[in-house]
Amino acid sequence: MDQIAPIISALGGLGGIGALITALATYRRTDQIKAETKDLRPPDGPSLVDRVGEIAEMVQALTAQVNTLYLDEVNTHNELRGRIYQIERECKRCPKPRRARRP
């Protein structure tokens, strides 16, 4: 028991031992992740990661197009509302049409 205290002290106390354990666990998990994702990057042809990146770029491009179409639609709508408002104002100034008399 007397020999454990200097070792713990040399490793930075209990916090140092905790950091060492965490580092070892992280290293082990990193190796597991590398082994699991090895198939995602095949040596020949495009990888799954590359395809996902391409799809993400396509989605961004489509999003930009949809936003442009939406803004065009909003502008057209506002323009038409303005025209309707102008016509309504002009009609209020026009004389009322006479109704045809019934025989």
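Numbers here are sequence positions counted from 1.
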Which pairs pass salt bridge (Lys or Arg N to Asp or Glu O under 4.0 Å) with one or both residues in residues 56-79, sequence neighbours excluded?
Glu79-Arg83
Tracing side-chain contacts under 4.5 Å among Ile, Leu, Val, Met, Phe, Trp and Tyr outward from Val59 reaches Ile55, Met58
What residues form a side-chain contact (heavy atoms from CB on, under 4.5 Å) with [X], not counting sequence neighbours?
X     : answer
Val74 : Tyr70, Asn78
Arg81 : His77
Thr76 : Leu80
Ile33 : Arg29, Thr37

Hey, what do you get for CD1 (Ile21) to OG1 (Thr26), rounding to the nearest 0.5 Å?
11.5 Å
